[in-house]
Structure formats: C-alpha cells, structure tokens
Amino acid sequence: MTRYILINLLKRKQKQKRITLLIELFLSFLAFFFIFSLIVREINNTKYPLGFNYDKLYSFNPFYIGKSEDMDANHIAQKELISSIQLYPGVEAISNYNGSPFFSKGYLNPSQPVNGNGISIPAKQINLMHVQDGFGKALDLKFIEGRWFTPQDNASNIQPVVLTQNLKEMMFGNSSVIGNTIELQGEKCKIVGVCNVIKHKGDYSYPEPTLFVRIAHGDNVQYKMPRGGNGSIVTSAFLLKSQIETSAEFESELYQYLKTNHPDFQVLITPMNETRNKYIRSTILPLVITLLIITALFFNVLFGMFGVLWYNISQRKSEIGLRMAVGASKTAIYRQFITEMLLLTTIAIVPGIVIAIQFPILNILNMEPIVYVVAIISAAILIYSLVVLCALMPSSRATKIQPAIALHEE
Amino acid sequence: MITLKNLEKVYQTDEIETVALNNINLAINKGEFVSVMGPSGCGKSTLLNMMGLLDIPTNGIVEIDEVEINGWKDKKLARFRNHKLGFIFQSFHLINDLPVLDNVELPLLYRNGVSGKERKRRAQEALGKVGLSARTKHYPGQLSGGQKQRVAIARAIVGQPDIILADEPTGNLDSKMGMEIMEILENLNKEENTTVIMVTHDEKLAKRTNRIIHLFDGMQVN
C-alpha cells in the first residue's frame with residue numbers, strides 16, 4: 001500500500017500544489033534544524049563541568065593613573081602593587097593572565113597552528129592563555145599527569161606549557177606526554193602537565209582545548225597595565241583568589257588598602273560569581289528569544305500546513321467518497337492520507353538532511369557532531385509530528401461523512 | 001439477491017424534514033437487469049445508494065443474499081462493497097489526477113492478497129472488455145465522455161462483483177454513446193450473470209431491461 005501511495009503521489013497531476021508543500025516542509029526542516037542546533041549546543045555544553053571554582057575568585061584590573069612617564073618607574077610600581085597584593089591578608093593567589101576573559105564570548109587563539117606528535121591542530125581550535133604560576137592555584141586545576149608551573153621553571157631554557165586533557169588527547173591520544181615538546185608559533189615548548197578541561201567562557205560554552213603558556217617571573221616580567229582615563233582597554237588582567245568566599249567587605253577593604261598604599265593605581269575588582277551571573281543572564285536571554293522564535297515558527301508552520309492540508313483534503317472529498325464506494329474503510333482512507341503526508345515529508349526533508357549533514361563535515365558552526373545529529377533527529381521528529389497533527393483532523397472529518405454525500409462533493 | 005423491507009430515508013435539517021424514500025419493499029433476483037425510473041428528486045439515486053450501502057436508511061431493512069446489512073460496522077460494510085458491488089455514476093467519478101489503469105485497479109487495492117502485478121493484469125483485462133486497452137496511460141481529462149464511462153465500467157467490473165449499481169450511466173452521454181454503454185451492461189448481465197440495477201430517465205433503455213421500478217415522491221408506484 002505504501003508503495004502504491006508513493007507511486008501515485010509521483011504520478012498524480014497538479015504537481016504545483018505538492019511542490020509548494022514540499023518547499024514549505026523543506027524550509028521548515030532547515031529552520032528547525034538550525035534553531036535546534038543552537039539549543040542543543042547550549043544544552044550539550046552543560047554536560048561538561050566548569051572545571052574550576054569561581055566562589056573565591058575575583059577578576060582584578062589595575063589602571064595606572066600616575067603622572068610619571070618613566071617606564072622603569074612604572075614597571076617597579078606595578079611589581080610593587082602585585083607583591084603588595086600577594087602579601088595582603090586573605091589573598092591566597094594572584095596571577096596575571098593574558099587570554100580571553102572569563103565568562104565572556106571573547107577569544108584568543110594562537111596565530112599559527114600548534115604542532116606536536118606529527119599532528120597539527122588549527123589555531124582557531126585552540127584557546128591560548130599566557131598565565132603566571134598563581135593561576136593554577138587560583139583555579140584549583142586538577143592534574144591528570146605532571147604538574148603546574150613552578151618558580152623552578154625559570155631555570156629552564158625551554159618554554160614550559162600545560163595542556164588541558166582534551167587538547168592532549170587531540171594531539172597525543174592516550175599516551176603519556178610529560179617531557180614531550182610541541183611547537184607554538186615557531187617556538188619549541190615543553191609539556192610539564194596535563195590538567196582537567198575548563199570552560200572559562202562560561203557554563204554554556206564548549207570546553208575549548210586550552211594551552212597554558214607560562215609568563216616568566218622575575219625582573220623581566222612586564223605587566224603592561226594600561227593607563228586609566230584615556231579609553232584604553234585592559235590587555236592584561238589578573239585573577240585573584242581569596243581564602244574565603246567573595247564578599248563586599250573583602251572587596252572594600254582591599255580597595256581602601258590599595259587607595260592608601262598605591263595611589264598611582266586605580267583598580268577594578270569584580271567578584272567572578274557576579275561576572276558569571278551577568279553571563280548567565282546574557283546567555284539565557286537569547287535562548288529565551290530563540291525559544292520564542294521557534295514557538296512562533298512552530299505555530300506558523302502548524303497553521304500554514306493545517307490550512308494547506310485542510311484545503312487539499314476538502315478538495316478530495318469526492319475521491320474519498322469514491323474510494324469508500326469501491327471498498328475502502330474509513331481506517332484505510334485515514335491511513336492513506338497520513339501515509340501520503342509522511343511520504344511527502346520524507347521527500348522534502350531528505351535534501352534537508354543532506355544539507356544538514358554538511359555542517360559537521362565542513363565544521364560550519366564549529367559544534368560537536370552529536371549536536372547536529374540530535375538537531376537533525378529533533379527537527380525531523382518535529383516536522384513529522386506537525387504533519388501528522390495537521391493531517392489527522394481534516395482526514396478524520398472527511399471520513400466521517402457518508403460516501404453517498406462525499407460523492408456529491410466536487 | 002437484494003431485498004428491501006419497509007425502507008425509509010428521511011433527510012433532516014434544522015428547518016425541514018425531507019422524505020426521500022417511503023415504505024419501499026422490493027426484491028431483486030440474482031441475474032436480473034432492473035431499471036429504476038421516475039422524475040427528478042423522486043429518490044432514485046437515494047434508493048440506489050441504500051442498495052449500494054453508501055447511505056444508512058432511517059428505517060427498514062436491507063438484505064443482500066439473505067443477510068441483513070443494517071448495523072454493520074464500517075470495515076465489514078467496506079469489505080462487502082468491495083467484493084459484492086460495483087458502481088457506475090452519471091458523472092463517472094474518475095480520479096482525474098491518476099491515469100486510466102490506476103483508476104481501474106482502485107477496488108483491488110482494498111482487497112487483501114492481490115499483488116500489484118495482479119492488480120495491473122486484472123485492470124488491463126477489464127479495460128480490454130470495454131475496448132480501452134490502448135488507453136491505459138491516458139488521464140481521464142484526455143478521454144471523451146463515452147470513454148470515461150467505459151473506464152468507470154471497467155473499474156466497476158474489475159473486482160468481479162455480483163451486483164452492478166449504475167446511476168444514470170448514460171445521462172451525460174449522447175444517444176450513440178449511451179447505446180454503447182447499455183450494450184456493455186447487457187453483455188455483463190447476460191454473459192457473466194451479473195445483477196444490474198440501473199437508474200435512468202431514458203425509457204428506451206429502461207425497456208431493454210427485465211423489469212422497471214417506478215418511483216414517485218419517494219414511493220414505489222408499480
């Protein structure tokens with residue numbers, strides 16, 4: 001019967017009507033696929049742990065507001081400021097870091113691919129972070145093998161790096177990597193540790209393979225703090241970890257202390273949980289808007305398709321009467337219309353699926369393949385359900401009338 | 001073969017009640033060729049619909065082969081129509097979107113155990129009987145009125161029914177075409193012993209049948 005219906009669908013004249021319906025189904029599938037990809041990506045990302053604890057973290061941004069133009073004097077003042085904070089009661093760790101900010105969509109990639117073990121990872125797939133020794137402690141990173149940076153690394157003449165577990169697996173698989181080297185922007189770097197993955201861009205972000213590069217300590221360190229009040233942006237930020245959970249009291253005391261002891265600096269201290277809350281709000285809002293769009297789209301497609309199917313089936317009442325006269329039961333009629341619609345939907349969404357499959361193959365939206373698979377399946381289920389829902393009522397009504405009456409409806 | 005006892009059909013709307021058939025008692029034997037005549041609106045087509053199980057009587061009994069049909073469920077009625085009855089309509093009722101062969105095989109589609117190949121073979125055979133073997137791939141829109149009615153006859157006979165119910169089968173045709181259709185029906189009746197019940201306005205055609213049933217205002221008058 002299904003074969004008969006398919007052949008008849010293809011043989012039937014009035015192809016224009018069916019083509020219009022096919023285009024509507026095809027476009028709806030692609031729209032649903034795209035929206036589902038975005039939603040599934042956000043949901044899929046929540047399965048990965050954040051990888052660090054933000055309860056005791058602050059982002060700390062100092063701006064130089066002193067009058068001195070003497071770079072050396074500035075340099076000394078900056079180092080004094082950091083040393084002073086390190087000794088401040090309640091501060092557990094402070095680290096300069098140069099990379100994309102926490103709980104933000106910004107990014108910093110290497111300028112060239114990272115090579116190692118005969119594998120080259122494209123630069124855009126790697127999150128690069130230049131950090132100091134206090135960074136690992138501030139984030140409380142867990143080590144799968146090796147260690148975090150220590151002052152002893154100053155003695156090494158080769159740049160030490162730490163990889164997150166996912167980056168290590170991409171380059172080296174499951175083998176041990178401590179002591180191996182990788183090439184970063186033409187420079188050889190030695191792997192000293194492999195730590196857990198982190199989602200520093202936020203809870204709904206993908207845990208990007210991250211490469212930590214050590215900022216050396218000692219006299220050569222340049223913090224590159226921007227001048228305040230001239231519209232400059234923060235190019236170098238600090239991460240500060242307190243011994244207790246973040247509090248307004250700790251913040252205001254630290255402000256007061258710095259104002260008194262380091263008047264040449266203006267500082268911006270932001271608790272990380274506050275940044276995270278802002279991030280969640282800014283992520284949830286587009287998600288809610290997306291859900292509203294999908295709801296509107298759903299009803300638009302629902303009503304559009306319902307109208308088309310109602311019209312199509314009403315136009316075929318005489319045919320329904322005839323089919324009943326020659327021996328079709330109401331169930332058979334019902335089944336025929338539903339099958340016809342399901343077949344039409346299949347014809348419409350097959351090219352849609354072919355297009356959707358290109359997304360993971362060509363890595364168009366830079367998402368995990370599973371996201372696309374779930375999005376394709378969800379979009380297909382939704383379209384099929386919509387079609388069945390829309391075909392049920394008109395075909396049910398059409399079969400309720402007596403064949404003698406249906407036969408008179410032209 | 002077909003027995004109608006005290007058959008009544010009333011169409012009820014909010015405002016008016018129309019009695020389409022009133023106290024019809026009728027018996028049609030196997031192999032008979034019966035015509036039903038009467039003025040427009042007298043209930044001829046309604047009577048045919050009752051005998052064809054296409055509509056439900058308000059009162060009375062319909063028996064086919066001594067089996068009372070009243071109260072049968074849709075599925076049983078559908079199977080019964082499929083095996084026992086063949087319909088021919090004045091306006092042909094062909095599916096214009098489908099080619100002739102697909103139109104003809106339609107009743108077999110709803111019959112269990114008939115393969116696609118077998119359906120095609122039998123549809124070809126039925127079209128052969130009405131002289132339209134060469135038109136299988138044509139669409140109804142490409143045929144003349146007489147050819148369309150012959151396709152409808154092929155569709156009616158493809159399932160080898162015992163009874164053919166023809167509702168003014170020549171009503172939309174000129175007299176020459178009408179005669180051709182009548183001859184096909186007569187042949188079916190004589191050669192295959194098919195019972196034929198035909199509604200007609202044409203007295204000449206009616207006279208060629210075994211018996212004429214006259215209706216007037218929903219009642220049998222002879």
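Residue numbering restarts at 1 for every chain, and letters A, B, ... go by the order of the sequence lines. Values in this document were obtained by computation on a predicted structure and should not be read as measured data.
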Legend entry - Any donor-acceptor pair under 3.5 Å from B/D74 side chain to A/K330 backbone: yes
Inset, instruction - Identify the two heavy atoms, one from B/F87 and one from A/A325, that lie closest to each other, and give their separation to 0.1 Å. - result: CE1-O, 3.2 Å
Inset, instruction - For residues A/G327 and B/Y110, report the shortest heavy-atom separation together with the two atoms involved. - result: O-CB, 3.6 Å
Legend entry - Under 4.5 Å from a heavy atom of chain A, the part of B/F80 involved: neither
Legend entry - Value rounded to 0.5 Å, distance of OG in A/S329 from CZ in B/R79: 9.5 Å
Inset, instruction - Kindly check if the number of other-residue, nucleotide or ligand heavy atoms within 6.0 Å of CZ (A/F298) is above 12? - result: yes
Inset, instruction - Could you tell me whether A/F299 atom CZ has more than 12 heavy atoms of other residues or ligands within 6.0 Å of it? - result: no
Inset, instruction - Taking B/R81 for its side chain and A/M324 for its backbone only, find out whether a donor-acceptor pair lies under 3.5 Å. - result: yes
Inset, instruction - Let me know if B/R111 has heavy atoms under 4.5 Å from chain A in its side chain, its backbone, both or neither. - result: neither
Inset, instruction - Determine whether more than 12 heavy atoms belonging to other residues, nucleotides or ligands lie under 6.0 Å from atom CZ of B/R121. - result: yes
Inset, instruction - Side-chain contact test, heavy atoms from C-beta onward, threshold under 4.5 Å: evaluate it for B/I95 versus A/R323 and give yes or no. - result: yes
Inset, instruction - Tell me, yes or no, whether the heavy-atom count around B/K75 atom NZ, taken from other residues, nucleotides or ligands under 6.0 Å, exceeds 12. - result: no
Legend entry - For the student: nearest non-hydrogen atoms of B/N82 and A/V326, plus distance: ND2-O, 2.8 Å
Legend entry - B/K73 atom NZ, over 12 foreign heavy atoms within 6.0 Å: no
Legend entry - Where A/L322 and B/H93 come nearest, the two heavy atoms and their spacing: CD2-O, 3.1 Å
Inset, instruction - Flag the one option from B/L85, B/I56, B/L77 with the top tally of heavy-atom pairs under 4.5 Å to chain A. - result: B/I56
Legend entry - A/A328 versus chain B, the contacting section by heavy-atom distance below 4.5 Å: both
Legend entry - Heavy-atom neighbours of B/E66 CD exceed 12 at 6.0 Å: no
Legend entry - Distance (rounded to the nearest 0.5 Å) between B/D55 CG and A/I405 CD1: 5.5 Å
